[in-house]
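Following: one structure in structure tokens, then a few remarks.
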Protein chains: 2
Amino acid sequence: MVDIFRHFAKYADVTHRPPKPAQFKSQAAVFKALAHPGRLLMVHELSHGERCVCELAALVGSEMSTVSKHLSQLKQAGIVDDEKRGAQVFYRLKTPCVMNFFQCVTSVRTEVAKEESAAWQ
Amino acid sequence: MVDIFRHFAKYADVTHRPPKPAQFKSQAAVFKALAHPGRLLMVHELSHGERCVCELAALVGSEMSTVSKHLSQLKQAGIVDDEKRGAQVFYRLKTPCVMNFFQCVTSVRTEVAKEESAAWQ
DNA sequence: TAGGTATTTGGCTAAATCGCCAAGGGTTGC
DNA sequence: GCAACCCTTGGCGATTTAGCCAAATACCTA
């Protein structure tokens, strides 16, 4: 039987934490916030600069209340930050490194698409 | 009124595609596959090398049927690949660049934790 | 103060997800 | 063959998520 904990035990030694995956739950929350086409579109748009809620609502074509909840999720995950100026609330990317994901994800998807098209041959 | 499509129109010009967010749906599927603590733990483990299903099931402490479905999701998203050898099925990371996510996500979470601890002062 | 705009929150229903159990298929070894 | 093991699939109830509407809140202007 292989010792499946050998790598994880090494990790636990470094962090001085029990091998319980609490940090994975926290990290999963970030990915969960990005796991929605509309929210992904908003993040992409925010990479060009800050936007108010009404602009993003028009972009994704949903109710403003829906968009507001999506932005709340992104804020909760630590991906965006908001600032109220007058009657409007402007959102901006908090951690631009999130945009680095897109290149990798795109490569993943193009690889998948390549295989799917090959399956039709 | 601000022209909310100015940036998106530019993007559409480059890609020669309509501004419909079909690619965002595809990308969201990748993030959705990573949006689970158990799957994240498995991906992390697979970054050290290939593992069979029973090893991963013991690692996350779930039924093998549950783990098998999780791995199926990761495979569907193009993140992992599988190979059957004898009675066992080994999974491995297909796109190691996925691991680049973790550093950024960790920075996001530590930033959030910093703010949360500051809120207790 | 009243009215219009911008945003958030609550509530509701439909849909998706999760994890378990049971059942089935494939492989190894006796 | 057949028993044991590895893995996948189907199905089920419980939980979560999505998106709309309505209501509440905050701000600006007249």
Side-chain angles (χ1 to χ4, degrees), chain A residues 1-2 4 20-22 24-43 45-46 50-77 79-92, chain B residues 1-4 20-21 24-43 45-46 50-77 79-92:
Chain A
M1 182 60 179
V2 180
I4 57 173
K20 288 294 176 187
F24 288 106
K25 187 176 178 183
S26 176
Q27 292 188 348
V30 177
F31 287 114
K32 190 178 295 184
L34 294 170
H36 187 281
R39 291 197 290 269
L40 226 42
L41 175 55
M42 288 190 270
V43 168
E45 176 69 16
L46 290 177
E50 64 176 18
R51 299 284 186 274
C52 69
V53 180
C54 62
E55 286 177 310
L56 296 171
L59 177 65
V60 304
S62 300
E63 289 292 319
M64 195 149 43
S65 63
T66 300
V67 171
S68 176
K69 285 178 182 174
H70 281 164
L71 290 168
S72 175
Q73 287 182 256
L74 290 170
K75 183 184 173 186
Q76 178 91 11
I79 297 170
V80 303
D81 221 344
D82 61 344
E83 182 188 354
K84 183 162 190 172
R85 290 202 300 271
Q88 305 182 58
V89 177
F90 289 89
Y91 283 83
R92 70 174 69 92
Chain B
M1 183 58 177
V2 180
D3 177 14
I4 57 173
K20 287 295 175 184
F24 289 105
K25 188 176 178 182
S26 176
Q27 292 188 347
V30 178
F31 288 113
K32 191 178 296 185
L34 294 171
H36 187 281
R39 291 196 291 268
L40 227 42
L41 175 54
M42 288 191 271
V43 169
E45 178 68 16
L46 290 177
E50 67 177 16
R51 299 283 187 274
C52 69
V53 181
C54 61
E55 286 177 310
L56 295 171
L59 177 64
V60 304
S62 299
E63 289 291 319
M64 194 151 43
S65 62
T66 300
V67 170
S68 177
K69 285 179 181 174
H70 282 164
L71 290 167
S72 176
Q73 287 183 256
L74 290 170
K75 183 185 175 185
Q76 176 89 13
I79 297 171
V80 303
D81 221 345
D82 62 343
E83 181 188 353
K84 181 162 187 171
R85 292 204 297 273
Q88 303 181 57
V89 178
F90 288 90
Y91 283 85
R92 69 174 69 92

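Residue numbering restarts at 1 for every chain, and letters A, B, ... go by the order of the sequence lines.
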Gly38(B) and Val60(B) have their tightest heavy-atom pair at O-CG1, 3.9 Å

Where the side chain of Lys32(A) is concerned, which of dT8(C), dA18(D), dT17(D) is the nearest nucleotide? dT17(D)

Output, in order, the C-alpha distance, side-chain angles, deciding distance and verdict of side chain to side chain contact (heavy atoms under 4.5 Å, CB included) for Asp82(B) and Leu71(B). CA-CA 9 Å; Asp82(B) 62 343; Leu71(B) 290 167; over 6 Å; no

Whole Å only: how far is the CG atom of Leu74(A) from the C1' atom of dT8(C)? 16 Å

State whether His70(B) places a side-chain N or O below 4.0 Å from either non-bridging phosphate oxygen (OP1 or OP2) of dT17(C). no

Whether Ser68(A) contacts dT8(C) is assessed here as follows: a side-chain N or O lying under 4.0 Å from the phosphate OP1 or OP2. Is that the case? yes

Taking only side-chain nitrogens and oxygens of Tyr91(A), does any of them come within less than 4.0 Å of OP1 or OP2 of dA6(C)? no

Without decimals, in angstroms, what is the distance between Met64(B) CE and dG10(D) P? 17 Å

Determine the contact category for Lys84(B): base if any of its heavy atoms lies under 4.0 Å from a base atom, sugar-phosphate if only primed atoms, P, OP1 or OP2 are that close, otherwise nothing. sugar-phosphate

So what does Arg85(A) hit on the nucleic acid, given a heavy-atom distance under 4.0 Å: a base, only sugar-phosphate, or nothing? nothing

Expressed in angstrom and rounded to an integer, what is the separation of Leu56(A) atom CG from dT8(C) atom C1'? 15 Å

Which residue, Val89(B) or Ala35(A), contacts DNA chain D at a nucleotide closer to its 5' end, judged by nearest heavy atom? Val89(B)

Measure from the side chain of Gln73(A), starting at C-beta and using heavy atoms only, and say which of dG11(D), dT8(D), dA18(D) lies closest. dA18(D)

Quickly work out the Arg51(B) CZ to dC6(D) P distance and round it to whole Å. 17 Å

Report which part of the nucleic acid Phe90(A) touches: base, sugar-phosphate, or nothing (heavy-atom distance under 4.0 Å, all strands). nothing

Can you tell which of dT7(C), dA18(D), dC20(D) lies closest to the side chain of Val53(A)? dT7(C)

Base of dC21(D) paired with side chain of Ser65(A) (donor-acceptor, under 3.5 Å): yes

For the pair His70(B) and Gln73(B), evaluate side chain to side chain contact (heavy atoms under 4.5 Å, CB included) and give the outcome as yes or no after the intermediate values. CA-CA 5 Å; His70(B) 282 164; Gln73(B) 287 183 256; 3.7 Å; yes

Backbone of Ala33(A) reached by a side-chain donor or acceptor of Arg39(A) within 3.5 Å: yes

note: His36(B), atom NE2; dT17(C), atom P; distance rounded to Å ~ 12 Å

Base, sugar-phosphate alone, or nothing: which one does Ser72(A) contact when heavy atoms must sit under 4.0 Å apart? nothing

What is the distance from CD of Gln88(B) to C1' of dG29(C), rounded to the nearest Å? 14 Å

Expressed as a whole number of angstroms, how long is the span from Glu63(A):CD to dT13(C):C1'? 16 Å

If you pin Lys69(A) and Gly86(A) to their nearest nucleotides in DNA chain D, which one's is more 5'? Lys69(A)

Restricting to non-hydrogen atoms, name the atom on Ala77(B) and the atom on Ala29(B) that form the minimum distance, rounded to 0.1 Å. CB-O, 4.1 Å

Taking all non-hydrogen atoms of both residues into account, name the closest pair between Cys52(B) and Phe90(B) and its distance. N-CD2, 3.7 Å

Send over the distance from Asp82(A) CG to dT8(C) P, rounded to a whole Å. 7 Å

